Amino acid sequence: MKRKIMVLLTAALVCGIFSACGGTEGESGLKPESSVSSESEERFEAENAPEIPGLTYENSMALEYASGFAVHYYNDGYALIDVEDSAQYLIVPEGSEVPEVLSEDIIVLQKPFDNIFMSTSSPMALFEALGCVDSIGFSATEEADWSIESAVEAMQNGDIKYAGAFNEPDYEMLTDGGCSLAIEDVMITYSPEVQEMLESLGIPVFIDMSSYEDHPLGRTEWIKAYSVLFDKEEEAESFFDEQAEKVSEAENYEKTDKTVAFFYIKSDGTAAVRNTTDYMVKMIDMAGGKYIYDEPPADASGSNITISMEEFYDVASDADYLIYNTSLGGEIESTNDLIALNELFADFKAVQDGNVYTTNKLLYQATDSLADFIGDVHQMLTGGSDIKFLKKIG
């Protein structure tokens with residue numbers, strides 16, 4: 001398997017598998033080790049596109065914010081999606097031959113892509129923006145847990161079927177249904193036997209690493225990676241430009257100097273906070289807020305950083321606002337629920353002032369409208385009430 005997978009599996013064992021690390025929807029907090037290395041940056045320059053015997057390199061896709069993937073184009077409609085610290089995917093046109101000599105690191109994806117297994121929910125909004133929801137035949141998210149209307153309708157109509165959780169898929173359903181591709185997030189690396197089984201059944205696995213982008217538009221720009229699967233690069237470019245303009249407008253919000261903690265409490269009682277390099281922290285800053293950390297905690301790596309409750313109290317007890325991440329920490333309905341997790345919360349300024357908010361399930365599925373979340377945080381900081389992604393609890 002790839003070095004990245006071995007790194008993640010080792011980290012999972014250290015954390016006690018993902019019940020201790022926490023995380024779904026690619027938010028586990030395990031970040032690629034080499035994501036900021038010069039070697040990695042060079043890999044994504046156009047002149048370093050891999051040589052593929054029998055194919056001629058033509059050009060590379062222009063990207064503005066995303067750093068986790070690159071797209072290189074070759075003659076006769078071939079393309080290669082290079083996902084940082086994961087894998088390289090050769091997109092082969094329908095009816096075309098697979099090159100005879102390929103690196104063992106390259107995974108072949110043969111068009112067309114029908115009955116895709118959408119094992120992670122975050123790309124669905126991007127598929128909707130591309131008009132490609134009809135290419136999805138199976139989901140690891142149940143109907144009640146979707147916040148994207150086209151996904152709900154497709155499941156109600158039977159066009160998308162629930163095929164089991166990401167770590168316990170219904171292999172018979174997928175094979176009988178002609179599944180051509182499984183789209184997973186990094187959590188699949190905790191269940192390598194699932195990936196191996198899918199691949200042994202002839203279902204290639206594409207791992208989405210968008211949650212590791214350090215800018216919200218980096219997440220949204222992954223629409224360009226998926227556009228290559230369907231020859232919809234122009235549509236992706238147009239959509240992304242619209243979203244970039246909205247985020248640019250959001251960057252004009254006036255700074256409030258009000259401090260914000262974005263966190264959740266893990267099953268072992270520790271607190272998980274966001275790294276200062278994370279896209280969520282960037283959105284809080286864009287909204288006019290000030291994150292509780294100016295610099296990453298010592299030895300910080302990944303999007304979520306685990307600290308003791310005492311350490312969290314020291315840095316967040318005076319924060320003006322608390323945002324509890326229910327996607328990872330579970331639902332809480334009141335500040336009493338928060339205090340039940342740890343009595344120290346009773347002394348938090350935000351709890352005493354009534355400035356505690358929770359996220360909803362829409363947040364991690366809304367990769368197509370992150371500018372709206374920035375607006376929500378600004379509304380929270382300025383006393384507004386027109387909020388979509390957050391809920392105030394008392």
Side-chain angles (χ1 to χ4, degrees), residues 21-32 35-36 65-68 120-122 125 147 185-187 208-222 243 246-247 250-251 253 255-256 258-266 271-297 300-307 312 315-316 319-329 350 355-381 387-391:
C21 289
T24 56
E25 304 304 337
E27 297 292 330
S28 64
L30 297 174
K31 186 146 184 171
S35 61
V36 295
Y65 292 90
S67 60
T120 176
S121 64
S122 61
S147 59
D185 65 25
V186 74
M187 295 303 293
D208 181 297
M209 306 284 282
S210 63
S211 63
Y212 291 141
E213 296 290 345
D214 61 8
H215 192 286
L217 284 173
R219 291 206 78 184
T220 304
E221 199 163 20
W222 275 70
Q243 296 305 309
K246 291 180 180 179
V247 171
E251 288 183 305
Y253 287 131
K255 300 299 181 185
T256 65
K258 294 179 180 178
T259 50
V260 179
F262 190 97
F263 73 104
Y264 69 97
I265 301 301
K266 299 168 73 168
V273 298
R274 306 299 281 213
N275 197 335
T276 56
T277 59
D278 181 66
Y279 74 94
M280 189 66 68
V281 173
K282 180 69 173 177
M283 289 196 288
I284 291 171
D285 177 72
M286 288 178 175
K290 180 178 174 60
Y291 188 56
I292 54 173
Y293 283 108
D294 292 322
E295 299 291 338
S301 63
S303 55
N304 285 314
I305 304 164
T306 300
I307 59 176
F312 183 62
V315 73
D320 295 304
Y321 291 86
L322 298 181
I323 300 178
Y324 191 81
N325 184 1
T326 59
S327 295
L328 299 183
N355 290 327
V356 180
Y357 289 75
T358 62
T359 63
N360 59 30
K361 66 181 180 181
L362 174 60
L363 178 57
Y364 288 113
Q365 295 181 19
T367 46
D368 63 330
S369 55
L370 292 177
D372 293 340
F373 177 75
I374 299 171
D376 276 7
V377 176
H378 182 72
Q379 290 285 314
M380 177 191 77
L381 296 171
I387 293 178
K388 178 180 179 182
F389 295 108
L390 299 174
K391 180 178 73 172

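Everything quoted here is computed from the prediction, not taken from an experiment.
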Tell me the closest heavy-atom pair linking [X] and [Y], and the distance in Å.
X    : Y    : value
A66  : E213 : CA-OE1, 3.4 Å
V356 : A350 : CG2-O, 3.8 Å
I292 : V315 : O-CG2, 3.6 Å
S210 : S122 : OG-OG, 4.4 Å
G288 : L381 : C-CD1, 3.7 Å
S211 : D278 : O-OD1, 4.3 Å

Do side-chain atoms of Q243 reach the backbone of A371 as a donor and acceptor pair under 3.5 angstrom?
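Side chain of Q243 to backbone of A371: no pair is present.
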Can you tell me if Q379 uses its side chain to pair, donor with acceptor, with the backbone of I387 under 3.5 Å?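 No; zero donor-acceptor contacts below 3.5 Å.
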Taking the six-membered ring of Y279 (Phe, Tyr or Trp), confirm whether the NZ or CZ of R274 is under 6.0 Å from its centre and within 45° of its axis.
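Yes, cation above the ring, under 6.0 Å and within 45°.
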To the nearest 0.5 angstrom, please state how far the [atom1] atom of [X] sits from the [atom2] atom of [Y].
X    : Y    : atom1 : atom2 : value
T256 : M380 : OG1   : CE    : 8.0 Å
Y291 : I284 : OH    : CD1   : 6.5 Å
L370 : L217 : CG    : CG    : 7.5 Å
D320 : T259 : CG    : OG1   : 3.5 Å
H378 : M283 : NE2   : CE    : 15.5 Å
H215 : T220 : NE2   : OG1   : 9.5 Å

Please tell me if the side chains of [X] and [Y] come closer than 4.5 Å, counting only heavy atoms from C-beta onward.
X    : Y    : result
F389 : N360 : yes
N325 : F262 : yes
K258 : Y321 : yes
Y324 : F263 : yes
T359 : L390 : yes
Y293 : V281 : no

- Query: Can you name the ring pair (Phe, Tyr, Trp, His ring centres under 6.0 Å) partners of F373, sequence neighbours left out?
  - Reply: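 Scan of F373 (ring pair (Phe, Tyr, Trp, His ring centres under 6.0 Å), adjacent residues dropped) gives none.
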Q: With sequence neighbours left out, write down each residue that passes side chain to side chain contact (heavy atoms under 4.5 Å, CB included) with K388, or none if nothing qualifies.
A: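 K388: side chain to side chain contact (heavy atoms under 4.5 Å, CB included) contacts with L362, S369, D372, D376.
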Who pairs with K282 by side-chain hydrogen bond (donor to acceptor under 3.5 Å, both in side chains), at least two apart in sequence or on another chain?
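K282: no side-chain hydrogen bond (donor to acceptor under 3.5 Å, both in side chains) contacts found.
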